[in-house]
Amino acid sequence: MSDNSPDPEQPPRRGFLAGAAALALGAAAAAAPIFAGMAVVLDPLRRRLGSRDLVHVTNLSVLPDDGVPRKFTVQADRTDAWNTHRNVPVGAVYVRRTPAGVQALNVVCPHAGCFVGLAPDESQFRCPCHKSSFALDGSINDPSSPSPRDMDELEVEVRDGGEVWVRFQNFQSGRPEKTPVQ
Amino acid sequence: MRSLLDWLDDRTGYRGLLRGALYESIPGGARWRYVWGSTLSFAIVVQFVTGLVLWAAYSPNATGAWESVYYMQHQMWGGWLLRGIHHYMAQVTIVLLALHLMQVVIDGAYKAPREVNFWFGLGLLFLILGLSLTGYLLPWDQKGYWATKVATSIAAITPVIGPALQQLLIGGAEYGHHTLTRFFALHAGFLPGALIVLVVLHVYLFRRHGVTAREPVDRPDGMFWPDQVLRDSVASLAVMATVLGLVLWTGGAHLGAPADPTEPYAAARPEWYFMFLFQWLKFFPAGFEILGAIVLPGLAAGVVALMPLLGRWKLGHRFNVGVAFAMIAGIGLLTWQAYAQDRSDPEFVQAKALAEIESDRMVTLARSPDGIPGGGALALLRDDPLAQGPRLFADNCASCHTWDGHDGLGNDPREPPSASDLHRFGSREWIAGLLDPERIATAEYFGGTDFSRGRMVRYVQRGIAQFDHEEQQQLSRVVSALSAEARLPYQAAVDSAEHAEIREGLELIQSEAMRCTECHEFRGVVEEERGPSLTGFASRAWTHAFVSNPAHPSFYGDRNDRMPAFGEDGILTEHQIGLIVDWLREDWYRPETPEPSPPAH
């Protein structure tokens with residue numbers, strides 16, 4: 001307001017002070033609702049997932065010997081804003097046998113978060129969205145792949161001789177490095 | 001910067017617009033009495049801003065509305081403040097509207113050429129009342145739910161279209177998800193949209209006609225900017241300070257327990273500015289509600305709408321002012337009467353206190369580690385012994401029993417109790433009192449029952465009364481051991497600490513000296529079963545089975561006095577019996593970090 005061009009209607013100096021005071025007081029009146037509104041809008045920034053424990057996903061006996069992955073749902077407790085859900089599906093993983101033991105991959109594509117599918121001939125993973133493709137061990141197998149990194153491998157343990165336990169996590173998509181969503 | 005603004009002005013002409021908006025001439029100069037319209041604009045803008053953010057956190061469905069508001073209020077940063085500002089600004093808006101309207105009427109500002117703007121203003125008044133009414137339901141708490149039911153039931157008595165109107169309002173044949181989606185759409189979409197249109201028209205016409213200057217104009221004319229704006233800012237700041245004061249003073253907008261169509265709610269009242277209508281309706285007997293709810297208020301609104309036409313005559317203007325004051329006085333009187341009647345109505349006072357306790361308890365449960373299940377928070381309250389026990393006890397047990405001298409809810413028993421007082425039933429104190437010769441035949445225990453002349457009373461009054469010191473010691477072990485059978489959570493610490501005494505007591509119960517097993521079965525030992533089994537006495541399972549059927553052979557058998565078989569006769573469900581039993585055992589969720597102590601009913 002203050003640097004207006006010379007104006008026949010422009011009030012004199014007293015008017016400037018009154019104008020400044022009007023603006024300041026008006027801003028003061030608006031401060032509380034704006035502050036409260038900003039706090040609520042920004043509240044999601046402090047929400048954290050917390051780390052999940054390993055969960056029992058499947059048993060070795062159902063995994064094919066040839067290393068072809070199988071898809072499993074991961075069940076865990078989940079807090080969704082005001083609701084607490086006990087033992088509900090929270091995500092999905094591919095699990096397969098490897099010469100060294102077992103490998104678990106998050107089904108989510110590291111590129112843009114789509115659900116990566118297994119090709120019909122079970123030779124590779126293919127993302128239905130932007131056509132990233134991955135070898136069965138999760139590594140990028142196409143030089144022109146849009147995905148910035150391999151599929152996300154998850155911590156996995158075999159317990160009591162045959163139970164496959166996985167620590168289910170999601171990771172930030174679109175980045176070359178693997179950063180867990182917390 | 002300058003050239004950029006020039007470019008912008010060239011393309012948009014914003015400077016002209018700004019000048020037009022700011023440099024409006026005010027005949028007689030800026031005045032404090034012109035601030036009311038601006039404070040209303042300020043209030044409406046605040047409602048839009050806070051409402052939009054609330055919208056971003058609100059979930060309009062019957063199992064998520066209360067929950068999302070709870071989450072906002074208790075878990076989100078600044079949520080309580082935001083809700084508080086929105087809630088109290090709505091109320092302040094009503095006050096400002098009344099002031100604005102009164103000023104317009106008194107000053108005759110509705111007179112030609114401002115008739116149409118007066119009608120726009122009335123339209124705004126009704127829109128804002130509609131916003132208040134729809135907003136009251138959205139938290140889906142008991143208060144809003146029952147108050148809104150009244151409002152929509154009134155809509156249903158409208159001739160011809162009533163039932164259809166009601167069904168359209170509530171989105172079906174009964175309250176549910178679609179009631180909320182529709183009320184929310186009205187509250188946050190249709191009504192604010194209409195409000196914007198009317199505010200624009202109202203301000204446009206106001207600018208076209210200018211302020212209604214205070215006669216005579218004896219001061220030089222002034223400008224809207226900055227002199228009047230400064231006054232408007234000060235007034236808006238005062239409005240905001242009032243709202244913040246209310247928020248801080250009351251702790252923010254209240255959130256009652258979640259709406260429950262199956263639970264009576266005697267504390268249902270509309271917001272204070274509708275209380276006069278609430279009171280008004282009490283004067284209309286059945287068959288005449290339509291007169292009170294629709295015809296007369298419609299006529300009153302009609303008279304107000306006609307004011308600009310009546311005001312053309314000097315006498316008409318006086319009539320208008322008289323009517324306005326009469327309406328304010330009438331509304332004030334009815335409002336005062338409504339509150340006075342509530343205050344002196346013990347039932348209402350109790351219902352309100354109970355509602356307060358329930359809403360606090362609901363928040364405690366919602367915060368518990370188990371959290372709110374997908375089906376909504378109400379399930380937590382329905383499954384909570386502390387919330388349900390007292391009500392169930394009052395409804396089903398208190399016609400004979402008392403609980404700490406009252407009916408569970410704090411009311412004195414209507415008739416003298418005719419069965420035992422069950423406060424801390426099974427505890428050491430309770431059993432010691434039963435075995436006290438002075439007390440067993442009082443109303444606290446068997447005084448009001450057939451058993452007052454029975455063998456147990458005789459034994460206590462003649463046998464135990466003669467106990468020597470050593471036998472008294474043994475009796476106290478018996479009490480400890482028998483009470484330990486109950487496995488009461490509040491006695492767990494002392495039960496485990498006095499393990500040795502309790503073991504001794506267990507043997508004493510079965511001993512001939514104490515004579516318990518002459519009549520009572522205890523762990524398989526009994527001479528002749530005449531009284532209730534003492535195995536697991538007052539434990540959850542024992543008490544549950546007892547309430548289900550006190551005439552079962554392992555309890556009173558055919559000697560049972562008057563107590564109904566609440567379970568076997570289907571008076572109460574298993575679940576309800578469990579709630580009563582858990583409440584008697586004081587077995588309910590307590591937060592680990594102590595909040596205000598569990599409310600005493």
Side-chain angles (χ1 to χ4, degrees), chain A residues 1-53 73 75-90, chain B residues 1-2 6 15 18-19 22-23 42 45-47 49-50 52-54 56-57 59 64 66-68 70-72 75-86 89 223 225-241 243-244 247 366 369-374 376-377:
Chain A
M1 296 296 136
S2 54
D3 65 340
N4 276 358
S5 53
D7 188 317
E9 288 175 282
Q10 185 71 11
R13 180 152 188 82
R14 197 195 63 81
F16 169 75
L17 283 178
L23 287 179
L25 292 171
I34 289 173
F35 167 77
M38 289 300 283
V40 172
V41 167
L42 296 178
D43 178 84
L45 290 179
R46 70 198 182 105
R47 303 290 159 193
R48 293 281 175 271
L49 261 182
S51 65
R52 284 207 174 93
D53 293 332
T73 310
Q75 304 257 11
D77 293 347
R78 178 163 182 262
T79 303
D80 181 5
W82 52 86
N83 280 136
T84 305
H85 304 287
R86 299 280 169 217
N87 204 27
V88 290
V90 293
Chain B
M1 187 70 185
R2 155 82 9 114
D6 285 343
R15 281 184 188 137
L18 208 60
R19 205 173 295 132
L22 292 176
Y23 298 114
F42 172 72
V45 170
V46 169
Q47 292 307 76
V49 170
T50 50
L52 277 174
V53 182
L54 288 168
S59 176
W66 184 92
E67 292 72 8
S68 64
Y70 151 80
Y71 191 72
M72 231 183 279
Q75 306 285 342
M76 291 178 85
W77 271 343
W80 69 276
L81 182 59
L82 186 73
R83 251 194 97 219
I85 292 173
H86 196 74
M89 189 59 92
M223 283 292 165
W225 173 264
D227 294 345
Q228 187 61 44
V229 176
L230 177 59
R231 284 171 172 76
D232 292 349
S233 293
V234 171
S236 299
L237 186 60
V239 166
M240 196 43 147
V243 167
L244 286 178
V247 174
D370 282 348
I372 300 172

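Numbers restart at 1 for each chain; the letters A, B, ... are given by sequence-line order, proteins then strands. Every heavy atom of this structure was used, including side-chain atoms; hydrogens, water molecules and symmetry mates were not.
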Checklist entry - Tell me, side chain or backbone of B:V229 under 4.5 Å from chain A's heavy atoms, or both, or neither? => result both
Checklist entry - With only heavy atoms counted, which part of B:S68 is less than 4.5 Å from chain A, the side chain, the backbone, both or neither? => result both
N/O donor-acceptor pairs under 3.5 Å from side chains in residues 31-45 of chain A, not counting sequence neighbours:
{"from": "A:D43", "atom 1": "OD1", "to": "A:R46", "atom 2": "NE", "distance (Å)": "2.8"}
{"from": "A:D43", "atom 1": "OD1", "to": "A:R46", "atom 2": "NH2", "distance (Å)": "3.1"}
{"from": "A:D43", "atom 1": "OD1", "to": "A:R47", "atom 2": "NH2", "distance (Å)": "3.1"}
{"from": "A:D43", "atom 1": "OD1", "to": "B:W77", "atom 2": "N", "distance (Å)": "2.9"}
{"from": "A:D43", "atom 1": "OD2", "to": "A:R47", "atom 2": "NE", "distance (Å)": "3.0"}
{"from": "A:D43", "atom 1": "OD2", "to": "A:R47", "atom 2": "NH2", "distance (Å)": "2.9"}

Item to check | Greatest number of heavy atom pairs closer than 4.5 Å to chain B - which of A:A30, A:G19, A:G26 | outcome: A:G19
Next on the checklist: Has A:D77 got a side-chain atom pairing as donor or acceptor with A:N87's backbone, closer than 3.5 angstrom?
Outcome noted: yes
Item to check | Best-contacting candidate, B:A377, B:G374, B:A56, against chain A by heavy atom pairs under 4.5 angstrom | outcome: B:G374
Next on the checklist: If I measure from the heavy atoms of chain A, does B:I85 come under 4.5 Å with its side chain, its backbone, both, or neither?
Outcome noted: side chain
Next on the checklist: If you count heavy-atom pairs within less than 4.5 Å of chain A, which of B:G79, B:G376, B:G84, B:P373 leads?
Outcome noted: B:P373
Checklist outcome for this item: Looking only at B:V46, B:L54, B:D370, the option with the highest number of non-hydrogen pairs under 4.5 Å against chain A is B:D370
Next on the checklist: Are B:I372 and B:Y70 packed together at the side-chain level, in the sense that at least one heavy-atom pair is separated by less than 4.5 angstrom?
Outcome noted: yes
Item to check | Side chains of B:D6 and B:R15 in contact at under 4.5 Å (non-hydrogen atoms) | outcome: yes
Item to check | Contacting moiety of B:D232, where chain A heavy atoms sit under 4.5 Å | outcome: neither
Next on the checklist: Would you say that A:R52 contacts A:V90 through its side chain, given a criterion of any heavy-atom pair below 4.5 Å between the two side chains?
Outcome noted: yes
Item to check | Heavy-atom side-chain proximity of B:S59 to A:W82 below 4.5 angstrom | outcome: yes
Checklist entry - Which atoms form the tightest heavy-atom contact between B:D227 and A:A18, and what is the distance? => result OD1-CB, 4.2 Å
Checklist outcome for this item: Looking only at A:L25, A:T79, A:N83, A:D80, most heavy-atom pairs under 4.5 Å shared with chain B are made by A:N83
